[in-house]
Amino acid sequence: MRDWDDAYANSAHIPGSDKMPAQWAERAAAYRAGLKDFRADVAYGPGERQHLDLILPDGASKGLVVFVHGGYWMRFDKSTWTDLAEGARHHGWTVALPSYTLTPAARISDITAEITAAIAKAASLVSGPIRLAGHSAGGHLVTRMLCNDSRLEPAVYNRIAGTLSISGLHDLRPLLKTKMNETLRMTMEEATLESAALHLPRGHSPVTAWVGGGERPEFMRQSDLIANVWTGFDVPTRLVVDPGLNHFTVIDGLKDPSSPITARLIGLD
Ligand SMILES: N[C@@H](CC(=O)c1ccccc1NC=O)C(=O)O
């Protein structure tokens with residue numbers, strides 16, 4: 001059998017990655033300190049981690065971007081990558097960054113419900129079109145919003161203009177075979193329910209699966225999978241392989257207003 005732990009291990013294959021979380025947090029804190037309009041810690045539920053940060057643009061808001069962070073549902077929070085809001089913010093979008101309860105305190109299906117509530121809250125505060133983005137585990141969470149069991153209210157769901165799943169996980173069943181499942185505590189039933197690629201899409205808003213060309217083959221396969229399957233249900237899909245980037249550098253372009261990934265996020269391309 002394949003070594004499934006190795007297939008989904010990112011840090012182990014990226015030199016210097018042990019120092020990255022501290023660098024990410026530092027960059028994000030410096031970015032927050034320079035923001036003119038930063039609304040921290042808006043509650044979207046009663047839980048300790050059920051809060052989101054809002055980053056507002058300089059002029060009128062064109063709409064709402066929600067970015068859901070990654071870390072295999074067990075690490076990090078809304079403050080780790082605040083600076084990734086800058087690309088969309090620069091172009092006039094309000095960006096919401098939710099935290100969520102991590103595993104093992106929550107199950108993945110609980111986190112899906114939390115992100116549903118976070119998007120509903122952000123949508124009640126910010127008008128206009130909604131664009132969803134998520135990285136890795138966050139890619140899982142945003143594509144789950146588009147499945148035909150999605151609990152988003154129609155008034156919110158119908159505002160979704162596009163979704164960007166960056167190095168997203170769309171079939172969770174292989175993770176059952178990793179040591180991470182000691183923390184994730186998924187059963188086959190939950191892994192199946194939580195796999196976007198095993199659901200029909202609820203509608204036809206466009207989905208982009210964006211993955212680094214230097215990522216582990218499983219991440220390439222996971223991106224290919226959602227684009228491939230949902231194309232068959234008339235979802236306009238794109239698969240973008242961004243050359244040379246790894247699982248951590250693949251999101252860097254979001255902070256750059258002129259990058260291709262920012263253009264994709266806000267529909268400029
Ligand atoms: N220690 C994990 C970290 C990881 O994969 C990760 C780190 C930051 C953001 C997203 C990640 N992956 C999926 O959610 C690994 O490298 O396997």
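All figures in this text were calculated on a predicted structure; none of them were measured in a lab. Every number for a ligand or one of its atoms is a count from 1 in the order of the listing.
Among His247, Arg75, Arg216, the residue whose heavy atom lies closest to atom 1 (N) of ligand 1 is Arg75. Here the shortest heavy-atom distance to atom 10 (C) of ligand 1, taken over Gly71, Pro21, Gly168, belongs to Gly71.
With respect to Asp58 and Arg89, a salt bridge is recorded, a charged nitrogen being found less than 4.0 Å from a carboxylate O. Salt-bridge check for Arg32 with Asp53: failed, with every basic side-chain N at 4.0 Å or more from each acidic carboxylate O. The pair Asp37-Arg39 counts as a salt bridge, with a side-chain nitrogen and a carboxylate oxygen less than 4.0 angstrom apart.
Nearest heavy atom pair, residue Tyr44 against residue Pro98, reads CE2-CB, 4.2 Å. Closest heavy-atom contact between Ala123 and Arg159: O-NH1, 3.0 Å.
In this structure, the protein non-hydrogen atom closest to atom 7 (C) of ligand 1 is Phe248 CE2, 3.2 Å. Protein heavy atom closest to atom 5 (O) of ligand 1, with residue, atom name and distance, is Asn10 ND2, 3.0 Å. In terms of protein heavy-atom proximity, atom 13 (C) of ligand 1 is closest to Ser136 OG, 2.1 Å. Of the protein's heavy atoms, Phe76 CE1, 3.5 Å lies nearest to atom 8 (C) of ligand 1.
By the 3.5 Å distance cut-off applied to N or O atoms, Ala137 is counted among the residues near ligand 1. For the pair Ser11 and ligand 1, the shortest N or O to N or O distance falls below 3.5 Å.
Distances below 4.0 Å separate heavy atoms of His135 from the following atoms of ligand 1: 9 (C), 10 (C). Within ligand 1, counting atoms from 1 as listed, the ones closer than 4.0 Å to a heavy atom of Ala9 are 17 (O).
More than 12 heavy atoms of other residues, nucleotides or ligands sit less than 6.0 Å from atom CZ of Arg185.
Close to ligand 1: Trp81, with a non-hydrogen atom less than 4.0 angstrom away.
Here Phe233 and His204 keep their ring centres 6.0 angstrom or further from each other.
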Name every donor-acceptor pair, under 3.5 Å, that has one atom in a side chain of residues 214-227 and the other anywhere in the protein, sequence neighbours excluded.
from, atom 1, to, atom 2, distance (Å)
Glu215, OE1, Ser167, OG, 3.4
Glu215, OE1, His247, ND1, 2.8
Glu215, OE2, Ser167, OG, 2.4
Glu215, OE2, Gly212, N, 3.0
Arg216, NE, Asp6, O, 3.2
Arg216, NE, Ala9, O, 3.4
Arg216, NH2, Asp6, O, 2.9
Arg216, NH2, Asp6, OD2, 2.9
Arg216, NH2, His13, NE2, 3.3
Glu218, OE1, Tyr8, OH, 2.4
Glu218, OE1, Arg221, NH2, 2.9
Glu218, OE2, Arg221, NE, 2.7
Gln222, OE1, His170, N, 2.7
Gln222, OE1, Asp171, N, 2.8
Gln222, NE2, Tyr8, OH, 2.8
Gln222, NE2, Asp171, O, 2.8
Ser223, OG, Phe219, O, 3.4

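Contact annotation: for Tyr8 versus ligand 1, heavy atoms closer than 4.0 Å belong to the backbone alone.
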